[in-house]
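Structure record follows, encoded as structure tokens.
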Amino acid sequence: MEKTFEKIVSHAKNTGFVFQGSEIYGGLSNTWDFGPYGVSLKDNIKRAWQKKFIQEDPNNVEIQAAILMNPKVWEASGHLKGFSDPLMDCRNCKTRHRADQLIEAYTEGKVTCEGWSKEEMENYIRENKIPCPDCGKHDFTPIRQFNLMFKTFQGTLEDAKSTIYLRPETAQGMFVDFKSVQRAYRKKLPFGIGQIGKSFRNEITPGNFIFRTREFQQMEMEFFCKPGTDDDWFPYWRKFCMDWILSLGGNPENLRFRDHTPEELSFYSKGTTDIEYKFPWGWGELWGIADRTDYDLTQHQNTSGVSMEYLDPYTNEKYIPYVVEPAVGVERLFFMFFTDAYDEETLENGDVRVVMHFHPVLAPVKAAVLPLRKKHGEIAEKIRHELSIDFNVAYDEAGSIGKRYRRMDEIGTPFCITVDDQTEQDGTVTIRYRDTMAQERMTVEEVRAKIAQEIRF
Ligand code: GAP
């Protein structure tokens with residue numbers, strides 16, 4: 001069974017996980033709304049991250065910084081100057097293109113522009129007479145650097161003084177708050193500050209459904225450590241991130257590490273590894289783990305005049321900590337887990353069932369309560385209510401029991417609980433397992449214990 005891009009996207013839309021944004025107005029390109037199952041899947045991903053990266057790690061804490069930050073933050077971080085894409089306009093049809101992507105598409109990926117200067121890209125495009133992908137003419141303007149930060153104004157005046165930016169990464173919140181957290185919580189190195197929140201980038205080439213959008217959520221952690229120990233923490237966090245994905249059912253055949261070449265490294269990074277996933281169109285970045293050295297804290301110290309030094313209580317040395325950063329997008333993980341979970345199975349009777357094999361921790365609905373007949377509705381509703389105190393539970397009484405099982409398979413509900421005549425007599429129900437379709441009889445209390453056990457993470 002081939003998991004095509006079209007199949008995955010249409011399943012996400014048809015089952016109500018994801019909708020086109022502003023759909024009744026014809027949509028707004030590359031914006032997506034998440035329906036109730038989508039929200040639940042996202043929440044489960046975020047909670048699983050929080051659990052392993054923050055809650056269970058005695059070193060790490062979590063913050064929520066403001067999305068709108070003093071513009072000096074972006075001056076210090078280098079985003080005002082360096083966070084840009086090389087753009088060319090086609091003079092003939094007035095479309096806008098990224099120079100590196102023109103070259104990569106023209107050479108079918110044989111030439112990548114890692115580390116190329118603006119002039120090198122312009123020359124390559126001129127010498128090879130690369131045509132505009134939209135109109136076929138070769139008539140481009142010179143490259144202009146286009147900043148990816150969204151600009152807006154604070155207050156009533158729309159002038160340079162009131163210009164502010166929507167944050168393009170959550171990371172700077174952790175750098176700016178480093179001293180406050182360290183002092184107030186008496187943290188000793190090494191320790192991490194994590195954050196989950198929205199980031200915004202005016203991407204030139206958004207697309208591939210929710211893979212690259214202009215508004216997305218990041219889960220980032222800045223792990224502050226003594227200079228020199230970053231060489232140990234970098235491989236530690238690389239492995240930790242991969243293990244986290246695998247423990248939630250990620251298929252190892254679709255995952256790999258890719259180290260950045262020196263030319264490719266971001267301006268702040270000493271070493272970066274991406275965890276890549278084999279998306280339906282090919283390998284793509286899922287998670288970036290970077291050794292950001294003392295770059296950001298030094299920049300903020302220099303720009304703000306506030307010391308970012310740490311006084312080591314063991315050695316009495318003063319230094320600016322180094323930082324290892326695992327940074328991932330919630331929607332990318334969503335797409336990855338959604339694609340991995342998708343399956344089509346041919347049953348003995350020849351029917352095909354679409355089933356989402358989500359890890360129970362991630363499954364948006366943990367169990368569905370299904371009264372076999374209308375007359376079982378009252379007791380079934382009681383069971384639904386009892387279970388809903390602990391879990392996200394669905395209730396469905398419409399259509400044949402077979403159809404109801406299929407609907408739950410399609411959204412990846414791991415347990416279906418059928419209520420029948422016997423329930424009224426002895427309080428037992430039938431539990432049906434999504435993956436094996438096997439059924440067992442047990443009490444509601446045993447069902448509760450089983451679900452709790454399966455979603456323990
Ligand atoms: N603080 C470092 C940082 O932001 P990044 O590689 O630019 O690094 C980290 O972003 C992660 O955020 C990516 O690996 C990806 O999962 C997610 N991400 C970045 N840009 C995105 C976009 N336009 N749409 C969706 N997710 C994005």
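Fair warning: this is a prediction, and the values are worked out from it, not measured in the lab. Whatever order the structure lists them in is the order used to number ligands and atoms, beginning at 1.
- Below 3.5 Å of separation, one finds no N or O of Val328 facing any N or O of ligand 1.
- Residue Asp294 forms a side-chain contact (heavy atoms from CB on, under 4.5 Å) with just one option from Tyr319, Tyr322, Phe224, and that option is Tyr322.
- In this structure, the ring of Phe191 has its center no less than 6.0 angstrom from the ring center of Phe223.
- Cation-pi geometry between Lys42 and Phe34 is met: under 6.0 angstrom from the ring centre, within 45 degrees of the axis.
- In this structure, atom 25 (C) of ligand 1 lies nearest to the protein heavy atom Phe211 O, 3.2 Å.
- Within the 4.0 Å heavy-atom shell around ligand 1 one does not find Glu331.
- Ring geometry for Phe53 versus Trp49: interplanar angle under 30°, hence parallel rather than tilted (30 to 60°).
- Within the listing of ligand 1, atoms 14 (O) sit less than 4.0 angstrom from a heavy atom of Gly288.
- Using bins of under 30°, 30° to 60° and over 60° for the plane-to-plane angle, the ring pair His359/Phe457 lands in the perpendicular bin.
- Regarding atom 11 (C) of ligand 1, its nearest protein heavy-atom neighbour is Ala327 O, 3.6 Å.
- Interface of Ala171 with ligand 1, defined as ligand atoms under 4.0 Å from a residue heavy atom, comprises 1 (N).
- In this structure Arg256 satisfies the salt bridge (charged side-chain N to carboxylate O under 4.0 Å, His left out) test together with Glu276, sequence neighbours excluded.
- Ring geometry for Trp281 against Phe279 counts as parallel: the plane angle stays under 30°, on a 0 to 90° scale with 60° as the upper cut.
- Near Arg292, with a cut-off below 4.0 Å to any heavy atom, the atoms of ligand 1 are 1 (N), 2 (C).
- The aromatic rings of His11 and Tyr342 sit perpendicular to each other, their planes meeting at more than 60°, with 30° as the lower class boundary.
- In terms of polar-atom proximity, Gly329 is counted as a contact of ligand 1, with an N or O under 3.5 Å from an N or O of the ligand.
- When each of Glu331, Glu220, Glu215 is checked for a salt bridge (Lys or Arg N to Asp or Glu O under 4.0 Å) with Lys198, only Glu215 meets the rule.
- Under 4.0 Å from ligand 1, not a single heavy atom of Arg214 appears.
- By the 4.0 Å heavy-atom criterion, Glu325 is counted among the residues contacting ligand 1.
- Comparing Arg332, Glu169, Arg201 by heavy-atom distance to atom 5 (P) of ligand 1, the nearest is Arg201.
- Of the protein's non-hydrogen atoms, Gln218 NE2, 3.2 Å is the one closest to atom 12 (O) of ligand 1.
- Ranked by closest heavy atom to atom 24 (N) of ligand 1, the top entry among Ile275, Thr170, Thr213 is Thr213.
- At the top of the distance list for atom 18 (N) of ligand 1, counting protein heavy atoms only, stands Phe216 CE1, 3.6 Å.
- Atoms of ligand 1 lying under 4.0 Å from at least one heavy atom of Arg212, given by number and element, are 23 (N), 24 (N).
- Glu309 pairs by the salt bridge (charged side-chain N to carboxylate O under 4.0 Å, His left out) definition with nothing, not counting sequence neighbours.
- The aromatic rings of Trp233 and Tyr236 stand perpendicular to each other, their planes meeting at an angle above 60°, with 30° marking the opposite boundary.
- Below 4.0 Å from some heavy atom of Leu286 lie the following atoms of ligand 1, by number and element: 14 (O), 15 (C), 16 (O).
- Close approach to Glu220 involves these atoms of ligand 1, each under 4.0 Å from a residue heavy atom: 1 (N), 2 (C), 3 (C), 4 (O).
- If you check which protein heavy atom lies closest to atom 13 (C) of ligand 1, you get Glu285 OE2, 3.3 Å.
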